[in-house]
Trainee: 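Structure in structure tokens, see below.
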Amino acid sequence: MMYAQMVKSTGNAVKSPTEMTEQERAFQARIDAGEKIEPKEWMPDGYRKTLIRQIGQHAHSEIVGQLPEGNWITRAPTLERKAILLAKVQDEAGHGLYLYCAAETLGVSRDELLTALHEGRMKYSSIFNYPTLTWADIGAVGWLVDGAAIMNQVPLQRCSYGPYSRAMVRICKEESFHQRQGYDIMMKMANGSDAQRAMAQDALNRFWYPSLMMFGPSDAESVHSAQSMAWKIKIDTNDGLRQKFVDQTVPQAEYLGLTIPDENVKYNEETGHYDYSDPDWSEFFDVLRGNGPCNKERLGARVKAWENGAWVRDGLMANAAKRSAKVAAE
Ligand code: FAQ
């Protein structure tokens, strides 16, 4: 069993119009005109591959992302909190399903994508390799992790690939609710006892930098951004979205009376944005290589769930075969 996500990132320079074939030029013109590309239409091989990679990773993130929160369903402090958390975790499963379906329209099966995840050939978001140690972490995940996810996904509603862009519309609606529930937990904790306030601060301390890492490496290190943006598979740069997230989140932390664990966070009158420190990128790349605190546990849990579900899949297939044999005999 291989737990690392040893996928090598390679990015190609964006082709200039003169290097493109006529078909590629016509395709790029459609993208530039804001048209949506639909499943059966011609698309460059690289466009298809990039979408499969990004949508697949995104789907895996939703499914693996259930694990840190699932950890707290049995320990939620009230029945109401438990019901809300259960609904949120179920939503993530739904997001995974829409996204696997969107990827399937590109000619890859869900089984193939899951096998690639299980064999360490595909990535999922780095954030889910961090543990949720206290109830306040569930607040921080909703507030910061869903907050970062929405910041990235709202622009993706305008992605050039029809099925992905439409999946994003629904996902973003649900993610907004998720973020509100996280912030609501943080408000309760931040306005609670000293011990609760300390837990809220501790959760923010641990989740701040990993949340900033969700947007991916700096623009200088991002291998895919240029081509993905030319194809409108990505709408904004990694650093652009990260800055927007910081600008949105700092005032929210102030409202909670919590401190961002970065002494360089300061409003910059000249730029109109908050200055902030970059995360430790060596930690980010190390997590991607499979060495985060929970990589082994997360992938292990997914592989086990897959194996434990084999009898359900086998049963469904046997039933489907029986039904089609019956229809054929009629
Ligand atoms: N973690 O060249 P770039 C959620 C990889 S939201 C792991 O910049 P790209 C909701 C990247 O894949 C989270 N790997 O790449 C939820 C590439 O490697 P590759 C999921 C990362 O694709 C909330 C390499 O580094 N959201 O789950 C990360 O242009 C709460 C070079 O990077 C999405 O997936 C990372 N953080 O930009 C669920 C959104 N960052 O593939 C439960 C869609 C980068 O060559 C609870 N995805 N890498 O082997 C995207 O927008 C983009 O894929 C980026 C990365 C922005 C993530």
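Order of listing sets the numbers, starting from 1, for every ligand and every atom in it.
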Trainee: Taking 4.0 Å as the limit for heavy-atom contacts, which would you say applies to Tyr124 with ligand 1: side chain only, backbone only, both, or neither?
Mentor: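 Backbone only.
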Trainee: With heavy atoms under 4.0 Å as the rule, classify the contact between Arg242 and ligand 1 as side chain, backbone, both or neither.
Mentor: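 None of Arg242 does.
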Trainee: Looking only at heavy atoms, is any part of Val145 under 4.0 Å from ligand 1, and if so is it the side chain, the backbone, or both, or is it neither?
Mentor: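 Looking at Val145 and ligand 1, just side chain atoms fall under 4.0 Å.
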Trainee: Answer yes when Glu174 and Arg170 have at least one side-chain N-carboxylate O distance shorter than 4.0 Å, and no when they do not.
Mentor: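 Salt bridge flag = yes for Arg170 with Glu174.
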Trainee: Polar-atom distance check: Pro217 versus ligand 1, any N or O pair below 3.5 Å?
Mentor: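 No, Pro217 has no N/O under 3.5 Å of an N/O on ligand 1.
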Trainee: Which bit of Asn238 is near ligand 1, meaning a heavy atom under 4.0 Å away: side chain, backbone, both or neither?
Mentor: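 Side chain only.
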Trainee: Does Lys188 come within less than 4.0 Å of Asp184, counting only side-chain N to carboxylate O?
Mentor: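 Not counted as a salt bridge, because no side-chain N and carboxylate O are separated by less than 4.0 Å.
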Trainee: Quick one: does Asn152 get an N or O within less than 3.5 Å of an N or O on ligand 1?
Mentor: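 Yes, since at least one N or O of Asn152 sits under 3.5 Å from an N or O of ligand 1.
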Trainee: Taking Asp45 first and then Lys49, would you say they form a salt bridge - that is, a charged N and a carboxylate O separated by under 4.0 Å?
Mentor: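 Lys49 and Asp45: salt-bridged.
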Trainee: For this output row, return yes or no: ring centroids of Phe215 and Phe245 closer than 6.0 angstrom.
Mentor: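 Yes, the ring of Phe215 comes within the 6.0 Å limit of the ring of Phe245, centre to centre.
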Trainee: For the 3.5 Å polar cut-off, considering only N or O atoms, please tell me whether Glu175 and ligand 1 meet it.
Mentor: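 So ligand 1 has no N or O lying under 3.5 Å from an N or O of Glu175.
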Trainee: Using a heavy-atom cut-off of under 4.0 Å, does the side chain or the backbone of Leu288 touch ligand 1, or both, or neither?
Mentor: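 Answer for Leu288: side chain.
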Trainee: Consider every N or O of Met213 and every N or O of ligand 1, then say whether any pair is closer than 3.5 Å.
Mentor: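 Met213 vs ligand 1: N/O contact under 3.5 Å present.
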Trainee: Do we see a donor-acceptor contact under 3.5 Å between the side chains of Gln243 and Asp239?
Mentor: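 Short answer, no.
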Trainee: Just go through His60, Glu92, Gln179 and tell me whose heavy atom is the nearest to atom 42 (C) of ligand 1.
Mentor: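 When every heavy atom of His60, Glu92, Gln179 is considered, Glu92 comes closest to atom 42 (C) of ligand 1.
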Trainee: Taking the six-membered ring for Trp, is the centroid-to-centroid distance between Tyr100 and His60 below 6.0 Å?
Mentor: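 Yes.
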Trainee: Please classify the Phe285 to ligand 1 contact at 4.0 Å (heavy-atom distances, strictly less than): side chain, backbone, both or neither.
Mentor: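 The answer is neither.
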Trainee: Classify the contact between His178 and ligand 1 as side chain, backbone, both or neither, using a heavy-atom distance cut-off of under 4.0 Å.
Mentor: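 Within the 4.0 Å criterion, His178 makes no contact with ligand 1.
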Trainee: Could you state whether Met214 and Val154 fall into the same hydrophobic cluster, counting links through intermediate Ile, Leu, Val, Met, Phe, Trp or Tyr residues with side-chain heavy atoms under 4.5 angstrom apart?
Mentor: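 Different clusters: Met214 never reaches Val154 through Ile, Leu, Val, Met, Phe, Trp or Tyr contacts under 4.5 Å.
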Trainee: Need the ligand 1 atom indices (1-based, order shown) with element for anything under 4.0 Å from a heavy-atom of Gln57.
Mentor: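 Within the 4.0 Å cut-off of Gln57, ligand 1 contributes 12 (O), 41 (O).
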Trainee: Is there a polar contact between ligand 1 and Ser126, counting only N or O atoms under 3.5 Å apart?
Mentor: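 In this structure, Ser126 places an N or O atom under 3.5 Å from an N or O of ligand 1.
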Trainee: Mind running side chain to side chain donor-acceptor pair (under 3.5 Å) on His58 and Gln153 for me, showing each step along the way?
Mentor: CA-CA 10 Å; His58 193 166; Gln153 288 168 28; 3.0 Å; yes
Trainee: Please confirm whether Ser228 comes within less than 3.5 Å of ligand 1 when only nitrogen or oxygen atoms on both sides are compared.
Mentor: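 By distance alone, the answer is no.
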Trainee: As an exercise, identify every atom of ligand 1 less than 4.0 angstrom from a heavy atom of Asp146.
Mentor: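 Checking each atom against Asp146, I get 23 (C), 30 (C).
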Trainee: Under 4.0 Å from ligand 1, counting heavy atoms only, is it the side chain of His224, its backbone, both or neither?
Mentor: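 The part of His224 near ligand 1 is both the backbone and the side chain.
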Trainee: Do the two ring centres, one from Tyr209 and one from Phe284, sit under 6.0 Å apart?
Mentor: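 Not under 6.0 Å, so no.
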Trainee: Provide the number and element of each atom of ligand 1 under 4.0 Å from a heavy atom of Lys123.
Mentor: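 Every atom of ligand 1 under 4.0 Å from some heavy atom of Lys123: 14 (N), 18 (O), 19 (P), 49 (O).
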Trainee: For Ser165, which residues count as a side-chain contact (heavy atoms from CB on, under 4.5 Å) partner, sequence neighbours excluded?
Mentor: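 Counting only residues at least two positions away or on another chain, Ser165 forms a side-chain contact (heavy atoms from CB on, under 4.5 Å) with Lys36, Cys159.
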Trainee: If you measure every N/O of Glu69 against every N/O of ligand 1, is any gap under 3.5 Å?
Mentor: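 Between Glu69 and ligand 1 (N or O atoms, distance only) the closest approach is not under 3.5 Å.
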Trainee: Any idea which part of Phe128 is under 4.0 Å from ligand 1, heavy-atom wise: side chain, backbone, both or neither?
Mentor: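 Under 4.0 Å from ligand 1, Phe128 contributes side-chain atoms alone.
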Trainee: Show me which atoms of ligand 1 lie under 4.0 Å from any heavy atom of Gly65.
Mentor: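 Listed by number with element, the hits are 42 (C), 46 (C).
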Trainee: Is Lys232 paired with Glu35 through a side-chain N to carboxylate O contact shorter than 4.0 Å?
Mentor: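 Answer for the salt bridge query: no.
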Trainee: Going by the rule side-chain contact (heavy atoms from CB on, under 4.5 Å), which residues pair with Gln248 if we only count those two or more places apart in sequence or in a different chain?
Mentor: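 Gln248 satisfies side-chain contact (heavy atoms from CB on, under 4.5 Å) with Met151, Gln179, Gln252 only.
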Trainee: List ligand 1 atoms under 4.0 Å from Phe215, heavy atoms only on the residue side.
Mentor: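 Near Phe215, the atoms of ligand 1 are 56 (C).
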Trainee: One thing to verify: whether Asp247 and Lys244 come together as a salt bridge, which I'm taking to mean a side-chain N less than 4.0 angstrom from a carboxylate O.
Mentor: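 Between Asp247 and Lys244 there is no salt bridge, as every charged N stays at least 4.0 Å from the carboxylate O atoms.
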Trainee: For ligand 1, note which part of Arg53 has a heavy atom under 4.0 Å away: side chain, backbone, both or neither.
Mentor: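 It is the side chain that gets close, since no backbone atom is under 4.0 Å.
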Trainee: May I ask whether Met122 has any heavy atom positioned less than 4.0 angstrom from an atom of ligand 1?
Mentor: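 In this structure, Met122 fails to qualify as a contact of ligand 1 - no heavy atom is under 4.0 Å.
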Trainee: Check whether any side-chain heavy atom of His224 lies under 4.5 Å from a side-chain heavy atom of Thr50, and answer yes or no.
Mentor: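 Of all side-chain heavy-atom pairs linking Thr50 with His224, none is under 4.5 Å.
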Trainee: May I ask you to say whether Asp91 pairs ionically with Lys88, meaning some side-chain N is under 4.0 Å from a carboxylate O?
Mentor: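 Judged by the 4.0 Å cut-off on N to carboxylate O distance, Asp91 and Lys88 do not form a salt bridge.
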Trainee: Write down the atom of Pro155, the atom of Ile235, and the distance for their closest heavy-atom approach.
Mentor: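 Smallest heavy-atom distance, with atoms named: O-CG1, 3.2 Å.
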Trainee: Run the numbers for me: atoms of ligand 1, each under 4.0 Å from some heavy atom of Gly216, listed by number.
Mentor: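 Counting atoms of ligand 1 from 1, those under 4.0 Å from Gly216 are 40 (N), 44 (C).
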Trainee: Going by the order shown, which atoms of ligand 1 are within less than 4.0 Å of some heavy atom of Lys234?
Mentor: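 Here the atoms of ligand 1 in question are 8 (O), 9 (P), 29 (O), 37 (O).
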Trainee: Quick one: which ligand 1 atoms are inside 4.0 Å of a heavy atom on Val223?
Mentor: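 Taking each heavy atom of Val223 in turn, ligand 1 has 2 (O), 31 (C) under 4.0 Å.
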